[in-house]
Amino acid sequence: MAQKILIVDDEESIVTLLKYNIEQAGYDTEVAYDGKSALEKASNTNFDLIVLDVMLPEMDGMEVCKSLRQLKVETPILMLTAKDDEFDKVLGLELGADDYLTKPFSPREVVARIKAILRRIVREPVEKDNTHIQIADLSIYPEQYEATIKGDPLTFTPKEFELLLYLAQNIGRVMSRDQLLSAVWNYDFAGDTRIVDVHVSHLREKIEPETKKPVYIKTIRGLGYKMEEPK
């Protein structure tokens, strides 16, 4: 069964262009032209990815993204914007978007981004005992994109999980923000180190007993971050 993508934009010409190219790439599509319709569809239908414009009538894309994450809908979101502004990028990612593309863009670039995001989250069922990383009470299952604390399941966006996994795979090593940007965000965000800080903050909210006194992800002042085994 083909993966299903929701396309959200208030410009019919852009929707038509994206729909044609995304379907040509082998995906099924559904469309919405305003934020409220997008929120309703995305919260009631299991999509594999959402292409979401920022500037929308009824409810803007940022609010749609925020509302979906509050509803625990973790569908990957590729945001589209006419603004080339670092604040917008960071805000979108703070609200739970997985990637960002600035207009004007080529349809091929959109399809490439979609494939890259979906490639990162596609996985086959794997027995949890077969492969996992154990750090104190934190269990990470790379093949399933899942993690637990004391057996309780955690919920991550794909990008949050990739960052957690990369830090865990390099436990005990100090990783600079630039290293993390290169490894986890391998395009489009060069130099936007605040994006790393935002995602580390999200991870701490989910895995740390006390976010202000982290025991798993330590800040190494002036250098970056390090995953440690809690003492």
Side-chain angles (χ1 to χ4, degrees), residues 1-122 145 155-162 185 187-189 195 198-199 202 206:
M1 183 180 294
Q3 292 171 297
K4 193 169 186 178
I5 294 173
L6 176 63
I7 303 167
V8 188
D9 199 299
D10 62 334
E11 295 185 48
E12 189 171 345
S13 60
I14 291 179
V15 171
T16 300
L17 181 66
L18 289 174
K19 180 178 173 65
Y20 173 79
N21 283 274
I22 290 171
E23 290 181 351
Q24 285 293 108
Y27 303 102
D28 290 336
T29 65
E30 194 166 325
V31 303
Y33 294 95
D34 64 75
K36 285 188 177 179
S37 298
L39 180 60
E40 182 178 355
K41 289 186 176 185
S43 57
N44 291 294
T45 303
N46 290 324
F47 292 100
D48 293 284
L49 185 139
I50 302 168
V51 179
L52 179 64
D53 189 34
V54 171
M55 301 301 293
L56 294 169
E58 304 293 336
M59 176 186 290
D60 68 37
M62 295 290 194
E63 190 62 33
V64 173
C65 181
K66 179 181 178 181
S67 297
L68 287 173
R69 296 312 187 220
Q70 288 175 339
L71 292 169
K72 305 301 182 184
V73 175
E74 299 297 341
T75 306
I77 296 174
L78 170 61
M79 298 202 78
L80 307 177
T81 179
K83 299 177 181 179
D84 188 11
D85 185 285
E86 182 185 355
F87 174 78
D88 280 343
K89 288 182 181 180
V90 174
L91 178 59
L93 293 164
E94 279 184 328
L95 296 177
D98 295 273
D99 204 348
Y100 225 98
L101 197 55
T102 303
K103 295 179 181 179
F105 49 76
S106 72
R108 289 180 62 185
E109 187 175 10
V110 176
V111 171
R113 294 292 182 93
I114 289 171
K115 287 181 177 179
I117 295 170
L118 292 177
R119 193 181 304 121
R120 293 195 295 263
I121 65 172
V122 170
Y145 265 61
T155 303
F156 300 102
T157 67
K159 194 60 68 179
E160 288 170 359
F161 185 85
E162 286 180 47
W185 293 266
Y187 50 67
D188 206 40
F189 297 113
I195 292 168
V198 166
H199 280 71
H202 287 176
K206 297 176 181 182

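Numbers here are sequence positions counted from 1.
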Given side chains that start at C-beta, do those of [X] and [Y] come closer than 4.5 Å, heavy atoms only?
{"X": "Asp34", "Y": "Asp10", "answer": "no"}
{"X": "Leu101", "Y": "Val51", "answer": "no"}
{"X": "Lys103", "Y": "Leu80", "answer": "yes"}
{"X": "Phe47", "Y": "Val73", "answer": "no"}
{"X": "Tyr27", "Y": "Leu49", "answer": "no"}

Does the side-chain contact (heavy atoms from CB on, under 4.5 Å) test come out yes or no for Val8 and Asp53, once each step is laid out? CA-CA 6 Å; Val8 188; Asp53 189 34; 5.8 Å; no

Nearest heavy-atom neighbours spanning [X] and [Y]:
{"X": "Cys65", "Y": "Ile77", "value": "SG-CD1, 3.8 Å"}
{"X": "Leu6", "Y": "Ala32", "value": "CD1-N, 4.3 Å"}
{"X": "Glu58", "Y": "Gly35", "value": "CB-N, 4.4 Å"}
{"X": "Ile117", "Y": "Pro76", "value": "CG2-CB, 3.6 Å"}
{"X": "Leu71", "Y": "Ser43", "value": "CD1-CB, 4.1 Å"}

Using modelled atom types only, decide if a donor and an acceptor are shared between the side chain of [X] and the backbone of [Y] within a distance under 3.5 Å.
{"X": "Ser37", "Y": "Tyr33", "answer": "no"}
{"X": "Arg113", "Y": "Tyr100", "answer": "yes"}
{"X": "Lys206", "Y": "Thr155", "answer": "yes"}
{"X": "Thr45", "Y": "Ala42", "answer": "no"}

Rounded to the nearest 0.5 Å, the CG atom of Asp28 sits from the NZ atom of Lys19 at a distance of 8.5 Å

Inter-residue atom distance Leu56.CG - Glu11.CD, 0.5 Å rounding: 10.0 Å

Salt bridge (charged side-chain N to carboxylate O under 4.0 Å, His left out) partners of Glu30, counting only residues at least two apart: Lys4, Lys41

The criterion is side-chain contact (heavy atoms from CB on, under 4.5 Å); which residues satisfy it with Thr157, sequence neighbours excluded? Arg69, Glu74, Asp98, Lys159, Glu160

Val198: side-chain contact (heavy atoms from CB on, under 4.5 Å) partners, not counting sequence neighbours: Val90, Glu94, His202

The test is side-chain contact (heavy atoms from CB on, under 4.5 Å); show your working for Thr75 and Leu68 and say whether it passes. CA-CA 9 Å; Thr75 306; Leu68 287 173; over 6 Å; no

Is it the case that over 12 heavy atoms from other parts of the model lie below 6.0 angstrom from the CD atom of Glu23? yes

